[in-house]
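Reviewing the structure listed below.
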Amino acid sequence: MDQQQRLPKDSWEDHIHTLKLFVPKEFSFQENLNYLQRSPNECLFTIRNDSIYRAIPLEDDVAVIEVSAENHEQAILVRFLGNTTPTEPSKRTEVANYVRDWFDLNTDLVPFYSMAETDPMLSQAVQSFYGLRNMGIPDLFEALCWGILGQQINLAYAYTLKRRFVEAFGRRIECEGEVYWMFPRPEDIAPLRVEDLGGLRMTVKKCEYLLGVAGLMTDGKLTKELLLEAGSLKKAEKQLDGIRGIGPWTANYVLMRCLRMPAAFPIDDVGLHNAIKHLLGLEAKPTKKEILELSAGWTNWESYATFYLWRFLY
DNA sequence: TGCCAGGTAAACA
DNA sequence: TGTTTACATGGC
């Protein structure tokens, strides 16, 4: 698909029905699993016996995979389920890249941990969640929709809206007796009208935003490549900010979870405010000025700092 | 019950 | 340029 990152050649091994992805030393499968289990209402993957199951959309195909930790967590094992084992090397690479991107395996966390040692809040976070990665949303349309769906509502309801949206317009595949859902594609949504989303029970504005983003993407005016080619975080943020329904929070959220820009920073995030309030024992939520002061040392790790602090809440 | 949710656009000063 | 308000509904 479109998550072709520059990977070291030895970052994974191919074993026919299983791909073995090597992980950095600063990695904990269990911590990432804990994060993924934060909602019982997640509809895009399931977790059973410390393994993750999900369907991955490929160029013109689907792979259903089980993701688990190798003994001693030296590697992640990706096993293909049913008859979904892809034969073409390009598709196998696509799956490996997708999972590596999902778990953010290509980022070296050593500098972040080193910086966090002297930060009052991050030192606690790193100690509590050592090995956690910024679990991403590799699909740009999914990341944008999730950002829009989650605006101004509690996380539980956001998951409900996502489930309704996915089960109404996404694709499903059955494999080994289980049903797996995949997020709708822009072309599934762009032809719809606001009335078609009426059953989801969200604001008319949210419906308009989703349709608008789907249209921009089917027109090729909004892609991961265009955002990366913007050349800087600020320019990419500006590209997104100009789209109806996307403000500073959603822009930075998407640049953080999907484009993996390390300095992306959703500074207006209520969850971040609550985490800081909780950690520092404040009476009220911190002001923007206070957050800027507290985060002054996080340069180029703002996204990781935010992700770790969120873990204190959810 | 009422207030707050992993905000944004539009209206207004 | 900065501040206020409507938006819809669920969770607690």
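- Judged by distance alone, the side chains of A:Y180 and A:R171 never bring a donor and an acceptor atom under 3.5 Å apart.
- Partners of A:Y157 by ring-ring contact (aromatic ring centres under 6.0 Å, His included), not counting sequence neighbours: none found.
- Contact check, A:K288 against C:dG2: no side-chain N or O comes under 4.0 Å of OP1 or OP2.
- Going from atom CG of A:L197 over to atom P of C:dT9 covers 14 Å, rounded to whole Å.
- With both ends at atom P, the span from B:dT8 to C:dG11 equals 22 Å, rounded to whole Å.
- Counting only heavy atoms from C-beta on, A:Y157 has its side chain closest to C:dG10 among B:dA5, C:dG10, C:dA8.
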Nucleotides 7-13 of chain B: protein proximity per nucleotide (B base, S sugar-phosphate only, - neither; heavy atom, under 4.0 Å): BBSS---
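- With rounding to whole Å, A:L313 atom CG is found 17 Å from B:dC4 atom P.
- With hydrogens and angles left out, the side chain of A:N154 and the base of C:dG10 share a donor-acceptor pair within 3.5 Å.
- For the pair A:R311 and A:F129, the cation sits on the ring face: its NZ or CZ lies under 6.0 Å from the ring centre, inside 45° of the axis.
- Residues passing the ring-ring contact (aromatic ring centres under 6.0 Å, His included) test with A:W249 are A:Y253, sequence neighbours excluded.
- Remark: side-chain polar atoms of A:R100 are not paired, donor with acceptor, to backbone N or O of A:V95 under 3.5 angstrom.
- Residue A:R201 places at least one side-chain N or O under 4.0 Å from the OP1 or OP2 atom of C:dG10.
- Rounded to an integer number of Å, the gap from CG of A:L149 to P of C:dT9 is 15 Å.
- Heavy-atom contacts from other residues, nucleotides or ligands closer than 6.0 Å to CD of A:Q127 number 12 or fewer.
- Atom NZ in A:K206 sits about 13 Å away from atom P in C:dG10, given to the nearest Å.
- Of the P atoms belonging to C:dG10 and B:dA9, the separation is 24 Å, rounded to the nearest Å.
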